[in-house]
Structures are given as C-alpha cells and as structure tokens.
There are 2 protein chains.
Amino acid sequence: MSDSHKIDGTDRKILNILQKHAKITNAQLSKDIDLSPAPTLERVKKLENSGVIESYHAKLNSRLLGLGVTTFIHVKLSKHNKANNEEFIRKINAIDEVVECHHITGSSHYLLKVVAKDIENYQHIILDKISEIEEIDDLQSMVVLSTIKDSKAVPIP
Amino acid sequence: MSDSHKIDGTDRKILNILQKHAKITNAQLSKDIDLSPAPTLERVKKLENSGVIESYHAKLNSRLLGLGVTTFIHVKLSKHNKANNEEFIRKINAIDEVVECHHITGSSHYLLKVVAKDIENYQHIILDKISEIEEIDDLQSMVVLSTIKDSKAVPIP
DNA sequence: TCTGAAACAGTTGCAAG
DNA sequence: CTTGCAACTGTTTCAGA
C-alpha cells in the first residue's frame with residue numbers, strides 16, 4: 001500500500017479516466033488507452049495496491065437528497081497548542097455534517113465544509129454541535145450560493 | 001435523470017455504502033442491506049437514473065502523485081456584475097489545477113481549491129494562470145497544512 | 001511487458017411463489 | 001419482496017511471443 005510507483009503515460013491515462021468515470025469496465029478502459037484487457041487490469045491493480053488509487057466513491061446529488069445548504073466555516077481555536085488541536089480534531093471527526101476539515105495557514109486555523117438540509121438545520125449544527133466544542137474561539141461562516149466547479153479530478157503532473 | 005425519488009431506509013443504506021465503497025459488488029451490497037440481489041440492483045439503477053447517484057470517482061493519493069501543495073484561495077472580483085462573473089467562471093473552468101470553485105457569501109466572492117506539485121508550481125499557477133484573469137481584483141491564499149477530514153460522504157437526511 | 005484464448009465470477013432478466 | 005435459474009457480460013489467469 002505504499003510502494004514507490006513509477007507512473008508512466010499509460011498509468012496517467014488510466015488515472016485520468018478513473019478519476020472521472022470509476023465505473024468503466026476493464027474492457028472499455030483497455031480500449032480507451034489502446035491496450036489489451038490483461039495488462040490494463042494489471043496496471044489498475046498495481047495502482048490500487050501501491051495506494052495511488054485510494055478508494056472509489058459515488059457522488060450524490062445534494063439537492064435531490066434535500067441537502068440545500070453547503071457552507072465553509074473558518075475556525076479559530078482559543079489556544080493553538082497540540083492538546084487543543086487533537087481534541088478539536090477528535091470532536092470534528094464525530095460530526096457527520098462536517099464533510100471536510102483542513103488545517104490551514106493564515107488568520108483562521110481550520111477550514112470546515114458543512115452540509116445541511118436547510119438553514120434551520122444548519123443553525124442547529126452550528127449551535128448544538130460545532131459551537132459546543134470548547135476549544136473553539138471564533139467561527140466565521142460563508143454560505144455557498146452555487147458551486148461552479150467540483151472536478152473530482154486532480155491534475156496529474 | 002430528474003425523477004422525484006422517494007428515498008426510504010433501504011435506499012439510504014445503499015447510498016451510504018456506495019458513497020464510501022463504490023466498487024462493492026451487487027451481491028455483497030445486497031447482503032449488507034439484507035435484501036436479495038435482484039431488488040438491490042433495481043434500486044441502485046433507479047437511484048442512478050433519477051440522478052440521486054450522479055457519478056463514480058476514483059480518489060487518488062495526491063502525495064504519491066507528487067502533488068504536495070493544496071490551497072484555498074479567496075477571490076474578489078473587480079466588479080461583481082453578471083458579465084464579469086460569467087467571464088470569470090469561463091476562465092476558471094479552463095484551469096485544471098483549480099479543482100473546486102464555489103460562489104460564496106461574505107467579503108470575498110469566490111472560494112477556490114487549487115492543487116499543485118510544489119510551491120514553485122503553485123506560484124506559476126497563481127501568477128501565470130489565475131492572476132491573468134482580469135476580472136479579479138484581489139486574491140488571498142490559504143495553504144493547507146494537512147487535511148483532517150475528507151469524508152466523501154454527505155449526511156443523508 | 002503484451003497478446004489471445006480459455007476458465008471463472010458476477011450481473012442481469014425472468015418466472016413462479 | 002423472495003428464490004432459483006438461465007444467459008450474458010466482464011474479469012482473471014496463463015502460456016507463449
């Protein structure tokens with residue numbers, strides 16, 4: 001799961017296709033990259049085993065699920081020391097509505113992405129779940145009006 | 001692709017599994033939700049056709065690909081009118097290294113997520129690609145030190 | 001490392017309960 | 001919905017180049 005892997009042009013093609021269409025059959029993938037099925041499959045397995053491909057996920061439509069509110073929240077901790085950070089991380093991991101949490105440079109310490117049903121539900125998450133974390137000093141919310149781009153595909157060097 | 005779909009407890013189980021492990025076989029999925037394969041498959045197809053499941057993606061390991069720098073950038077446009085927004089969106093969509101772009105409330109107008117090989121490469125993207133967009137008035141970068149959580153799974157109401 | 005073919009596993013559709 | 005069973009499609013292995 002942590003092999004140093006030489007990624008050639010063919011691997012790059014495979015990765016770019018699988019980032020966008022993970023459900024492609026090996027037969028079709030092999031055609032798209034001009035290779036026969038056997039070595040194609042072998043390359044995919046190698047990329048999975050080396051950890052380059054971490055996992056596969058279904059992308060759901062938030063609107064159709066009734067999840068109308070997405071926000072980013074800048075979080076500042078009261079004390080930015082090791083113990084406080086670890087405690088904050090532990091508590092954030094337990095909140096399902098927090099779908100992302102990044103430790104960042106700059107005046108805020110963390111950036112969260114939160115998904116909620118509606119504004120009332122969002123208020124509930126903020127007041128009863130996130131604000132309950134005592135290590136937090138300050139929160140600043142940004143509501144997502146629309147998502148212009150969410151490519152799910154990283155630029156492979 | 002836009003059917004209004006009644007999502008019951010069984011559908012919710014299916015969606016929660018597919019969000020996290022899209023490569024599960026229908027046989028295994030049916031066992032996990034205590035249903036036989038035939039109706040399980042039918043439900044998955046219905047969720048795909050109604051648009052609740054939008055797509056399937058492979059998650060890649062950025063570090064192993066040599067993508068060491070991830071940043072969020074607050075963007076302010078010079079004039080926040082329709083023409084400027086559309087032009088900005090068009091240009092942002094053409095930059096592969098910008099993996100996300102959200103229109104947000106608050107003092108900045110957009111929030112971008114950018115993935116780069118290293119700091120030099122990041123500087124190149126900022127100076128030669130993003131700053132070249134003339135509709136932009138101001139940029140403020142936040143470098144991601146570490147990603148604590150990236151669940152790829154939305155909380156289904 | 002690839003090709004081609006053979007063997008295998010999983011999916012999909014259908015009928016009956 | 002379940003079970004059971006075909007037919008099909010796609011996967012996986014393997015000898016040979």
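Chain letters run A, B, ... following the sequence lines, proteins first, then strands; residues in each count from 1. The shown structure was predicted, so the numbers you read here are calculated from the model rather than taken from an experiment.
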Task: Those residues that, when tested against B/K45, pass salt bridge (Lys or Arg N to Asp or Glu O under 4.0 Å) (two or more places apart) - done: B/E48

Task: Donor-acceptor contact below 3.5 Å, side chain A/K117 vs main chain B/P157 - done: no

Task: Distance, nearest 0.5 Å, that separates CG of B/L29 from NE2 of B/H21 - done: 11.0 Å

Task: Distance in Å, A/N84 CG paired with A/K82 NZ, rounded so as to fall on 0.5 Å steps - done: 13.0 Å

Task: Residue pairs involving residues 93-112 of chain B (criterion ring pair (Phe, Tyr, Trp, His ring centres under 6.0 Å); sequence neighbours excluded) - done: A/F72-B/H102, B/H80-B/H103, B/H80-B/H109, B/F88-B/Y110, B/H103-B/Y110

- [ ] Check each residue of residues 24-31 of chain A for a non-hydrogen atom within less than 4.0 Å of any atom in DNA chain C, then write out the ones that pass by number, or none.
- [x] none

Task: Positional range of nucleotides in DNA chain D within the contact set of chain A, heavy-atom, under 4.0 Å - done: D/dG10 to D/dC14

Open item on the list: Is there a side-chain contact between A/R43 and the phosphate of C/dT1, meaning an N or O under 4.0 Å from OP1 or OP2?
Closed with: no

Under 3.5 Å, side-chain donor or acceptor atoms of residues 32-41 of chain B against the rest of the protein: list the pairs with distances, not counting sequence neighbours.
unit_1, atom_1, unit_2, atom_2, d
B/D32, OD1, B/Q28, NE2, 2.8
B/T40, OG1, B/S36, O, 2.8

TODO: Starting from C1' on C/dG13, measure out to NZ on B/K45 and report it in whole angstrom.
DONE: 13 Å

Task: Set of residues satisfying side chain to side chain donor-acceptor pair (under 3.5 Å) with respect to B/T10, sequence neighbours excluded - done: none

Open item on the list: Suppose we screen for side chain to side chain donor-acceptor pair (under 3.5 Å). Which residues come up paired with A/H57, at least two apart in sequence or across chains?
Closed with: A/S55

Task: Qualifying side chain to side chain donor-acceptor pair (under 3.5 Å) pairs with a residue from residues 127-136 of chain B, counting only residues at least two apart or across chains - done: B/K91-B/E135, B/E97-B/K129, B/H124-B/D128

Can you name the atoms? Protein N/O to nucleotides 3-8 of chain C N/O, anything below 3.5 Å, with the distance.
unit_1, atom_1, unit_2, atom_2, d
C/dT3, OP2, A/S36, N, 2.9
C/dT3, OP2, A/S36, OG, 2.5

TODO: Check B/V44 against B/I53 and note the closest heavy-atom contact, atom names and distance.
DONE: O-CD1, 4.4 Å

- [ ] Would you kindly give the CD-to-P distance between B/E48 and C/dT12, to the nearest whole Å?
- [x] 9 Å

Open item on the list: Quick check against the 3.5 Å criterion: does B/T70 have a side-chain atom that pairs as donor or acceptor with the backbone of B/V144?
Closed with: no

- [ ] With sequence neighbours excluded, tell me which residues meet side chain to side chain donor-acceptor pair (under 3.5 Å) with B/R12.
- [x] none

Task: Results of side-chain contact (heavy atoms from CB on, under 4.5 Å) for A/V99 - residues two or more places apart only - done: A/K113, A/V115, B/S151, B/P155

Task: Between the first and last five pairs of the helix from C/dT1-D/dA17 to C/dG17-D/dC1, the angle of the axes, rounded to 10 degrees - done: 20°

